[in-house]
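Structure first, commentary second.
These numbers come from the heavy atoms of this one structure, side chains and all, not from hydrogens, waters or symmetry mates.
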Amino acid sequence: MKKILTLSIASILALSMAACGGNTDEQINEDTSNTTTDEKVLIMGTNAAFPPYEYYENNEIVGIDAEVAEKIAKKLGYTLQIEDMEFDSIITAVQTGKIDMGMAGMTVTEDRLENVIFSDSYATGIQSVIVKEDSDIKSIDDLEGKKIGVQTSTTGDIYSTDDYGDEYVERYSKGADAVAALAAGKIDCVIIDNEPAKSFVAANEGLKILDTEYAVEDYAICFAKDNTELRDEVNQALNELIEDGTVQDIIDKYIPAE
Ligand code: GLN
């Protein structure tokens, strides 16, 4: 009796599943999820505190780099996975293979080229100086002897340490923290990339960006030195996206013309 009951429940279940096509669908779903194990994943490391290149919106990392990377991954048949980390961990993460590439508004520099290789450049960066509106710093020439805030290991940090001396440079793990220190009067200025500078100034009263640019740079994607294969693949996709205007459209979406 018991056995018959079990059987009939099983056959009812089987029938109802067949009726709604569940069985077949489930079979297909299982097959797809099995193939996801050999899905090609592209892991990008970034520091998502750098608007408009990478920042959080509704718990998701968005921005120019995130969108360009998504397009590159799609063209190459990869699923993009973004890992958020400290800016100064990105190069090591690339070198040790923890991530496949670093994309973080990262400037190509001679020093970095000793540790990683770069893609072609996809954007221009400018190092700008943020000061309080009533600051006595009127131009780059007034920076000597001032307390300069920077984001650790960025080009703003490297150049200002070289130009003004280590004792004048205050390092913060996030650009926003450096700007908060400036607003609180703890430091005299912040040297940081122009686009994040604009959004930090917009978010804090009483700050402005100096008209003179401190440095002009090229942003590119970095890879492990021996990973020329992925770098070349990415370059191919990136250049197609530059040529067909996709990269410019993404930049224009995040940086509206003034
Ligand atoms: N462009 C700067 C650099 O490469 C800053 C990048 C960043 O803070 N994400 O050092």
Side-chain angles (χ1 to χ4, degrees), residues 46-47 49-55 63-65 67-69 87-88 90-91 101-131 135 137-144 146 148-165 168-169 171-172 174-176 178-179 182 188-202 207-223 235 238-239 241-243 245-258:
T46 197
N47 173 240
F50 196 71
Y53 289 91
E54 39 269 329
Y55 58 101
I64 296 169
D65 289 346
E67 279 202 32
V68 172
F87 182 75
D88 64 352
I90 296 174
I91 291 202
M101 63 183 207
M103 192 171 187
M106 189 182 281
T107 306
V108 181
T109 70
E110 289 301 320
D111 283 351
R112 289 176 184 160
L113 279 166
E114 297 201 349
N115 298 308
V116 288
I117 51 173
F118 281 96
S119 69
D120 294 333
S121 178
Y122 61 91
T124 303
I126 294 166
Q127 292 298 311
S128 287
V129 184
I130 310 176
V131 293
S135 173
I137 302 174
K138 307 284 180 217
S139 82
I140 306 279
D141 304 331
D142 303 326
L143 291 180
E144 205 76 51
K146 300 287 186 196
I148 303 168
V150 296
Q151 188 187 354
T152 311
S153 294
T154 59
T155 45
D157 178 3
I158 299 159
Y159 303 155
S160 52
T161 305
D162 267 5
D163 289 349
Y164 305 103
Y168 294 105
V169 179
R171 300 182 177 86
Y172 300 85
K174 291 192 181 91
V179 174
L182 172 65
D188 301 308
C189 67
V190 171
I191 297 185
I192 195 159
D193 301 52
N194 195 48
E195 292 307 326
K198 285 199 272 186
S199 68
F200 295 145
V201 165
L207 302 179
K208 64 173 184 187
I209 299 172
L210 292 186
D211 285 338
T212 31
E213 297 162 351
Y214 182 52
V216 179
E217 318 173 310
D218 288 327
Y219 289 169
I221 310 167
C222 71
F223 304 85
N235 261 344
L238 175 63
N239 283 310
L241 293 165
I242 291 173
E243 273 154 36
T246 306
V247 170
Q248 194 57 51
D249 286 348
I250 295 172
I251 293 175
D252 291 346
K253 175 177 149 190
Y254 284 93
I255 309 176
E258 274 137 36

Is the shortest side-chain heavy-atom distance between [X] and [Y] below 4.5 Å?
X	Y	answer
Glu195	Ile64	no
Ser121	Val108	no
Leu143	Tyr164	yes
Ile251	Gln248	yes
Pro51	Tyr254	no
Thr154	Gln127	no
Asn235	Ile221	no
Asn47	Tyr53	no

Between [atom1] on residue [X] and [atom2] on residue [Y], distance to nearest 0.5 Å:
X	Y	atom1	atom2	result
Phe200	Ile192	CZ	CD1	5.0 Å
Ile130	Leu207	CD1	CG	7.0 Å
Thr109	Glu114	OG1	CD	9.0 Å
Thr107	Ile126	OG1	CD1	11.0 Å
Ile250	Asp65	CD1	CG	10.0 Å
Ile148	Tyr168	CD1	OH	10.0 Å

Shortest non-hydrogen separation from [X] to [Y] and the atoms involved:
X	Y	value
Cys222	Phe118	CB-CE2, 3.7 Å
Tyr55	Gly63	CE2-CA, 4.0 Å
Pro196	Phe50	CG-CE1, 3.4 Å
Ile255	Pro52	CG1-CG, 3.9 Å
Met103	Ala69	SD-CB, 3.9 Å

What pairs with [X] under side-chain contact (heavy atoms from CB on, under 4.5 Å), at least two apart in sequence or on another chain?
X	result
Ala104	Thr46, Glu54, Phe87, Ile90
Ile158	Arg112
Lys208	Val131, Glu133
Asp188	Ile137, Lys146, Lys147

State which residues pass side-chain hydrogen bond (donor to acceptor under 3.5 Å, both in side chains) with [X]; sequence neighbours excluded, sorted by chain then number.
X	value
Glu144	none
Asn239	Asp120
Ser160	none
Tyr219	Asp193

Expected output: side-chain Tyr214 to main-chain Tyr159 donor-acceptor under 3.5 Å: yes
Salt bridge (charged side-chain N to carboxylate O under 4.0 Å, His left out) partners of residues 248-257, not counting sequence neighbours, each pair once: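 Checked against salt bridge (charged side-chain N to carboxylate O under 4.0 Å, His left out) - neighbours excluded - the pairs reaching residues 248-257 are Glu67-Lys253.
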Which residues share a salt bridge (charged side-chain N to carboxylate O under 4.0 Å, His left out) with Lys174, sequence neighbours left out: none
With Glu217 via salt bridge (charged side-chain N to carboxylate O under 4.0 Å, His left out) - residues at least two apart: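 For Glu217, no residue satisfies salt bridge (charged side-chain N to carboxylate O under 4.0 Å, His left out) once neighbours in sequence are set aside.
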Val201 and Val179: CA distance, side-chain angles, deciding distance, side-chain contact (heavy atoms from CB on, under 4.5 Å) verdict: CA-CA 8 Å; Val201 165; Val179 174; 6.0 Å; no
Atom CG of Asp211: over 12 foreign heavy atoms under 6.0 Å: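 Counting other residues, nucleotides and ligands, CG of Asp211 stays at 12 neighbours or fewer.
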Single hit among Thr152, Asp157, Asp88 for side chain to side chain donor-acceptor pair (under 3.5 Å) with Arg171: Asp157
